[in-house]
There are 2 protein chains.
Amino acid sequence: MATIKEVARQAKVSVGTVSNVVSGSAPVSPKLRERVLKAISHLDYQPNHVARSLKVRQTRMLGMVVSDITNPFFPQMVRGAEDAALSHNYLLVTINTDDHLEREKQILSVLRTRRVDGILLVMSPNDGDVTHIRNTIAAGIPVVCLDRLPPSLSVDSVATDNVKGAEMCVRHLISMGHLHIGIITGSVKLQTASDRLKGYENALTEAGVPIDRNLIREGDFRLEAGYRLSKGLLLSAKRPSALFATNALMGLGAVKATEELGLRCPQDVAIAMFDDLPIAEALRPHLTAVAQPAYSIGFQGAELLIGRIEGSVNGKKPITIRLEPELRVRESSLGSASPARLFETGVPAQG
Amino acid sequence: MATIKEVARQAKVSVGTVSNVVSGSAPVSPKLRERVLKAISHLDYQPNHVARSLKVRQTRMLGMVVSDITNPFFPQMVRGAEDAALSHNYLLVTINTDDHLEREKQILSVLRTRRVDGILLVMSPNDGDVTHIRNTIAAGIPVVCLDRLPPSLSVDSVATDNVKGAEMCVRHLISMGHLHIGIITGSVKLQTASDRLKGYENALTEAGVPIDRNLIREGDFRLEAGYRLSKGLLLSAKRPSALFATNALMGLGAVKATEELGLRCPQDVAIAMFDDLPIAEALRPHLTAVAQPAYSIGFQGAELLIGRIEGSVNGKKPITIRLEPELRVRESSLGSASPARLFETGVPAQG
DNA sequence: TTGAAAGCGCTAACAT
DNA sequence: ATGTTAGCGCTTTCAA
């Protein structure tokens, strides 16, 4: 690979002039510019960005730490972040943690050593152990948290209003006549999960329906957990007439469990979930879902981060962006709870 | 951020000694090592990987160029590549092209300027215009092509045996009594697509079924195209009794079209597709699919690439790895073509 | 075993 | 407008 020196020699100019031609940071006479350009194309010269990074002390790289890109919620978010990053000439480096805190710590350390200019972080469940994040910020690397929020940390963040989304969803189920609504949730250590649970409780409470702890089942945000917890609920003495899954994978698990038990959706059990799938409408049952603006979360997160990096956003107070969820009602929740069915399964109509 | 110099000063040793402690590349006496370690933790020193990269002329970064991470086939592949990369201490930088050739060229140029050590590439449709890839390789950056193969380029590659996968799938449909099988395919400019088409034709031919060009519909690998092309086929005079979708998104489009026309799957029209979805078994109808080892493609691709980079793999001849697809038969293809139905739609049983 | 110093390829300050 | 040069933070020879 040719260096700036070789280009300079071939064009019979100084390296400074070549640099000026390449970066346009200072005027160069047409004659010399011509010669430089010719040498560049002749030598197939590509500036060494590593050397530049060392000199100007910025890599124009952003770290993106997600739990698992194979979870269909994240690719959209990553695309949003990538589009914003590239439009500002940053490169996005995405790494998965699988929600392991130790891995997250290690990755943050790698990103520091790599001197990324900033980090977009989807936190792992952490029990308040956030010193690694604090240290990263203290080392001068701005961090913007996406999707999940750190209860005990003052940091910029972009996320959906999860309480509200869950409220909308559960209110809808109640309006369809369901009073016995099971919820399957990921780790309530994640504020995402606890907020959705709170929304569920709010909606029930405002409708005067007492909270039944038996209807609340906690696992992780994977399909398998959704399947297992749903099965537990559907086989319990007081079978719920509706299931609220707190993310898409758990929702699919609920569908699988429902099917496997020979129950019809929505006639026997209604299902609604947090997160919509891009492919949802192509599949049966058409699932009622709370759509999150995943792309926007990524995009706005990256914009905010870049604002911090470049100083256009300043101020000590953390910036909190809450995006609006959208309820998409589809057939999976459209069967109303029928007293007859409730009677059959021995569950008396409540309220 | 502390530098190696500050650590050296604080530990009262030379920078060379600090370097040796950090990298372990030369022995250091316990006494000095101790002092250095203390200074490092005291200053929260993180070596500057950018400076190291400049000096040793390797970034330990791999570029991963995919068409679109929101296509559910790719996240698994990326995970495979990431796992392999991280285990060898490489960082994976993933970028989307949306199958735009111009964008691919631009990204390859960015990756060169960034001095990545190697590139994993899922090519865009290119009409044989591969000089940008050739140039990248000529510049000393090894490239391994994944999933899609360059007909006119001698380069390492890892992909599924697409001909075979399509053959398996179509043979299965034939064995279920289908002789009038429609195929919806992405751009046949991609060898991936043309190979699957070839497999389709092979299976028909070996069964003595003549190829009907009317049953072959070409679009791109997106859901919308799958939907549109399927609708066209299902509304045509000779409605096929089975649909073979050449990727998952097109398959979902086919499901949507089938539903929308009030046709039952598999009773009215059987559906089978290339690519399995991790979430497939949670959804109705359960789709018969040719599963590709996406994770393996990514993993083995990265291993091969790293082998090239580090010289453990050499030899001028390109290495071609073909992985075996696996047919997963599910309910969407289990209805056999009934003569009665064929009669209804005016299609006489053939063969 | 340790220290001193050159140099990776670039930018930017300074001199001309 | 152009050339010269110091220096970004590290690794690695070479000498001691």
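Since this is a predicted model, take the numbers as computed values, not measurements.
- Using modelled atom types and a 3.5 Å distance limit, the side chains of A:H132 and A:T136 yield no donor-acceptor pair.
- Here the rule is salt bridge (charged side-chain N to carboxylate O under 4.0 Å, His left out) with A:K189, and of A:D99, A:D127, A:D220, A:D129 only A:D127 fits it.
- Nucleotides of DNA chain D nearest to B:V50 and B:N20 differ in position, and the one nearer the 5' end is that of B:V50.
- Between A:S25 and B:P27, the residue anchored closer to the 5' end of DNA chain C is B:P27, taking for each the nucleotide with the nearest heavy atom.
- Here A:E102 pairs with A:K105 in a salt bridge; the nearest charged N to carboxylate O distance falls below 4.0 Å.
- No side-chain heavy atom of B:M77 sits under 4.5 Å from any side-chain heavy atom of B:L120.
- Protein chain B touches strand DNA chain D; the 5'-most and 3'-most nucleotides with an atom under 4.0 angstrom of its non-hydrogen atoms are D:dG9 to D:dT12.
- Close approach of DNA chain C to chain B, defined as any atom under 4.0 Å from a non-hydrogen atom of the protein, starts and stops at C:dT1 to C:dG9.
- Map B:L54 and B:T17 each onto its nearest nucleotide of DNA chain D; the residue landing nearer the 5' end is B:L54.
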- request: Could you check B:Q58 against B:E310 for side chain to side chain contact (heavy atoms under 4.5 Å, CB included), going step by step and ending with a plain yes or no?
  value: CA-CA 11 Å; B:Q58 56 145 299; B:E310 301 186 345; over 6 Å; no
message: A:N48 vs B:R57, test: side chain to side chain contact (heavy atoms under 4.5 Å, CB included). Steps then yes/no.
response: CA-CA 10 Å; A:N48 185 329; B:R57 314 169 112 82; over 6 Å; no
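- Between A:E82 and B:R103 there is a salt bridge, since a side-chain N of the basic residue sits under 4.0 Å from a carboxylate O of the acidic one.
- The closest side-chain donor-acceptor pair between B:T70 and B:D68 falls under 3.5 angstrom.
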